[in-house]
2 protein chains.
Amino acid sequence: MTRADVARYAGVSTAVVSYVLNGGPKNVAPLTRERVLDAVRVLGYRPNAAARALSMGSADMFGLLVHDNRSPFFAELCHALDQATADAGRSLLIVNSDRTQVPTADQIRDLASRQIAGLIIADVLTSGEQSVVHSLGIPAVVMGQFGETDDLHSVGVDFARGAREACEHLIGHGYRDIAFAGSAARYDERERGWREALSAARLPLGPLLHTPFGYQGGYDAAVELMRLPSLPRAVLAASDQIGIGMLAAFGERGVRVPDDIAVVSFDGTIAADFVWPRLTTAVQPLEQMAEVAVQLLTDPTASRHHRALFTHLRVRESCGCAAQHG
Amino acid sequence: MTRADVARYAGVSTAVVSYVLNGGPKNVAPLTRERVLDAVRVLGYRPNAAARALSMGSADMFGLLVHDNRSPFFAELCHALDQATADAGRSLLIVNSDRTQVPTADQIRDLASRQIAGLIIADVLTSGEQSVVHSLGIPAVVMGQFGETDDLHSVGVDFARGAREACEHLIGHGYRDIAFAGSAARYDERERGWREALSAARLPLGPLLHTPFGYQGGYDAAVELMRLPSLPRAVLAASDQIGIGMLAAFGERGVRVPDDIAVVSFDGTIAADFVWPRLTTAVQPLEQMAEVAVQLLTDPTASRHHRALFTHLRVRESCGCAAQHG
DNA sequence: CTGAAAGCGCTTACAG
DNA sequence: CTGAAAGCGCTTACAG
């Protein structure tokens with residue numbers, strides 16, 4: 001049941017049991033090691049993580065602060081992070097920050113009091129909350145944001161480039177009136193990519209819609225678009241959820257996609273493949289992002305610059321490309 | 001920084017600090033309590049959860065074993081559980097069981113070694129895995145299954161009743177050829193509800209499709225349906241994901257919903273409201289289920305019977321009812 | 001290569 | 001009502 005039992009069974013001290021179980025900090029004679037391992041097996045011993053955490057001053061857990069784990073992109077991010085942390089022998093303490101009654105700073109402090117070894121932030125933090133993270137001295141990595149965050153680690157995607165590619169694809173279809181639907185919360189790099197692609201093609205800016213992320217935001221944005229004197233020929237949505245919400249609104253009013261208006265979105269979530277028409281979307285490499293995040297948290301020597309990975313455009317039917325099954 | 005610091009600052013022993021912070025097991029004089037609380041405030045003290053867990057033999061965390069947190073229903077369940085556990089002053093350790101390399105039994109043991117105070121199982125366990133849970137002696141509650149599980153707590157929904165209501169609604173539309181698409185993994189109570197509703201209405205059983213849960217399963221089932229000599233007039237899907245996958249397949253082949261075939265599904269996830277046509281669906285009361293689960297885990301005297309809550313049918317357009325905005 | 005022992009920061013019987 | 005002290009199960013300098 002405890003390390004002492006294993007030690008007794010193997011006829012060694014508890015220190016030796018620790019040495020073999022942790023692979024250090026001291027060497028153990030091969031035969032002794034075998035005896036210990038046998039004892040562990042026979043007794044079905046599992047170390048008490050709380051004791052270890054107390055002794056080490058840090059638990060084998062990462063905290064994940066996410067605004068709302070239900071939105072598909074973040075649900076997939078949680079999943080990828082769960083895999084990556086488990087691969088690193090750690091657990092994930094997930095906390096949603098969308099409860100209005102509880103200040104996020106308190107949630108961060110609570111996580112810290114649980115001795116997490118690192119904090120993954122899939123959310124946007126106020127500067128006050130960021131300084132809490134700093135003051136607590138927890139290694140932290142920000143995921144999915146647009147660039148450097150203070151001097152925390154960060155990993156994301158080249159949003160501008162991804163959006164540019166998506167927009168160029170739309171331009172390649174011959175569309176000239178291309179709208180953008182994204183969030184106004186902060187300056188959106190995707191919006192910049194859209195602008196760049198259009199101006200590079202000497203095309204005028206299409207309608208610009210600022211709307212919340214999420215299905216409803218997309219729905220509302222599409223309604224907005226349909227109120228315009230003339231419907232743009234295509235729209236770039238800043239997230240799959242916005243894209244799906246738009247599809248719903250268009251479907252409801254009998255506007256055909258991609259015939260009346262083409263749609264391309266961003267994220268590459270699973271759901272984008274199971275709407276009709278299927279969404280062409282800029283896929284974020286989630287597994288890779290998760291691995292980088294965990295590795296940054298694990299490696300104390302990692303330098304603190306922003307890591308931007310590349311999206312790749314997954315072409316399906318919503319942009320007007322011919323149906324491709326699968 | 002530690003309890004000793006607080007004690008020194010307040011001029012009391014560490015025991016007293018514990019008494020006031022934990023509200024027991026001993027009383028503390030009002031003035032002393034105030035001094036301690038002040039010290040805590042001034043010093044910004046937060047108890048070390050690892051030390052507490054070691055001392056108490058149990059951490060203030062619940063483990064959540066879920067097959068795949070990405071599927072919308074389970075994503076929403078995770079979210080509800082996060083709220084409910086946080087309300088109870090606890091944290092949630094989420095573990096996905098869908099990694100083929102790692103035996104679920106090991107994941108359960110790992111959770112146990114982290115001293116979780118209880119285990120929430122949103123997954124189907126083999127009997128071997130169940131006996132692991134038993135042998136570890138962790139309080140556990142099974143969520144979303146069809147009935148009693150061994151002698152663990154369980155909370156779910158009256159699936160048969162929910163499906164019956166959904167099917168009756170379809171019958172109320174005058175449809176007589178009603179299919180069912182659900183999983184064959186185990187006997188599905190929803191399938192039973194479908195059978196019951198049809199036989200109560202003296203209607204013949206429509207096509208019965210066994211398909212995996214998830215979008216792809218729905219897509220495949222719909223393709224299957226369209227291969228039949230004649231398309232059934234309506235279909236009851238065992239989950240929103242199946243329903244959405246069917247919508248995609250129907251949309252792709254130009255089959256109109258609800259005109260050619262009506263669809264009703266199960267779960268009441270957010271996405272069901274943002275497809276076109278919007279899905280009529282039997283909504284599971286997730287928040288309530290989560291609260292019950294946490295309460296069962298928190299109350300050692302709770303009796304071990306299955307709690308079945310009721311779904312309610314959310315009527316939208318996919319069944320053929322007139323469009324109702326919002 | 002191995003062991004005796006201190007220490008991590010809590011909780012809680014046991015005295016007073 | 002308050003305090004001194006043992007104990008929870010680990011880790012790891014320190015001796016040998």
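Sequence lines set the chain letters: A, B, ... in the order given, protein chains first and strands last, and positions in each chain run from 1. Basis for what follows: all heavy atoms, side chains included, without hydrogens, waters or symmetry-related copies. These numbers were taken from a predicted model, which means no experiment stands behind them.
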### Task
Could you check whether B:Ala29 gets within reach of a base, just the sugar-phosphate, or nothing at all, counting any heavy atom under 4.0 Å?
sugar-phosphate

### Task
In whole angstrom, give the distance that lies between atom CE of A:Met1 and atom P of D:dC8.
11 Å

### Query
Donor-acceptor pair, B:Ser55 side chain versus B:Ala51 backbone, under 3.5 Å?
no

### Message
In this structure, how many angstroms lie between the P atom of D:dC1 and the CZ atom of B:Arg33, rounded?
### Response
11 Å

### Message
Side-chain N or O of A:Asn27 versus OP1/OP2 of C:dC1: is the shortest distance under 4.0 Å?
### Response
yes

### Query
Quick one: is B:Arg52 getting a side-chain N or O under 4.0 Å of the C:dT11 phosphate, OP1 or OP2?
yes

### Task
Determine the minimum heavy-atom distance between A:Ala302 and A:His153, stating which atoms define it.
O-CE1, 3.4 Å

### Query
Within the pair A:Thr14 and D:dG9, is there a side-chain N or O less than 4.0 Å away from OP1 or OP2?
no

### Task
Write down the distance between CG (A:Leu21) and C1' (C:dT2), rounded to a whole number of angstrom.
16 Å

### Query
Where the side chain of A:Val12 is concerned, which of C:dG3, D:dT11, D:dT2 is the nearest nucleotide?
C:dG3

### Query
Whole Å only: how far is the CG atom of B:Asp60 from the C1' atom of C:dT11?
13 Å

### Query
When you compare D:dG16 with D:dT12, how far apart are their C1' atoms, in angstrom units rounded to a whole number?
16 Å

### Task
Figure out the CZ/C1' separation between A:Arg3 and C:dG3, and round it to whole Å.
15 Å

### Task
Determine: side-chain N/O of B:Ser18 to OP1/OP2 of C:dC10, distance under 4.0 Å, yes or no.
no

### Message
Need the pair for C:dA4. Rule: Watson-Crick or G-U wobble, both distances under 3.5 Å, any strand; none if unpaired.
### Response
none

#### Entry: B:Arg35 CZ - D:dC1 C1' separation (whole Å)
12 Å

### Message
Any N or O donor-acceptor pair under 3.5 Å from the base of D:dG9 to the side chain of A:Tyr45?
### Response
no

### Task
For the pair B:Thr85 (side chain) and B:Leu81 (backbone), establish whether a donor and an acceptor sit closer than 3.5 Å, ignoring hydrogens and angles.
yes

### Message
Counting only side-chain nitrogens and oxygens, does A:Asn48 get under 4.0 Å of the OP1 or OP2 atom of D:dC8?
### Response
no

### Message
For a quick check of understanding: with a heavy-atom distance under 4.0 Å over all strands, which category does A:Thr2 fall into, base, sugar-phosphate or nothing?
### Response
sugar-phosphate

### Query
Is there a donor N/O on one and an acceptor N/O on the other, under 3.5 Å, for the side chain of A:Ser55 and the base of C:dG7?
yes

### Message
Tell me whether A:Glu129 contacts the main-chain N or O of A:Thr126 through its side chain, where contact means a donor paired with an acceptor under 3.5 Å.
### Response
yes

### Task
Hunt down the Watson-Crick or G-U wobble partner of D:dA13, both distances under 3.5 Å, from any strand shown, or write none.
none

### Task
For A:Arg99 and B:Asp82, run salt bridge (Lys or Arg N to Asp or Glu O under 4.0 Å): C-alpha distance rounded to whole Å, both residues' side-chain angles, the deciding distance at 0.1 Å, then the answer.
CA-CA 10 Å; A:Arg99 357 181 42 217; B:Asp82 177 50; 5.7 Å; no

### Query
Atom NZ of A:Lys26 and atom P of D:dT11: how far apart are they, to the nearest Å?
14 Å

#### Entry: Name of the residue among A:Glu291, A:His79, A:Met143, A:Glu76 meeting side chain to side chain contact (heavy atoms under 4.5 Å, CB included) with A:Leu286
A:Glu76

### Distance in angstrom units between B:Arg46 CZ and C:dG9 P, rounded
17 Å

### Query
Taking for each residue the nucleotide of DNA chain C with the nearest heavy atom, is it B:Leu54 or B:Tyr19 whose nucleotide lies nearer the 5' end?
B:Leu54

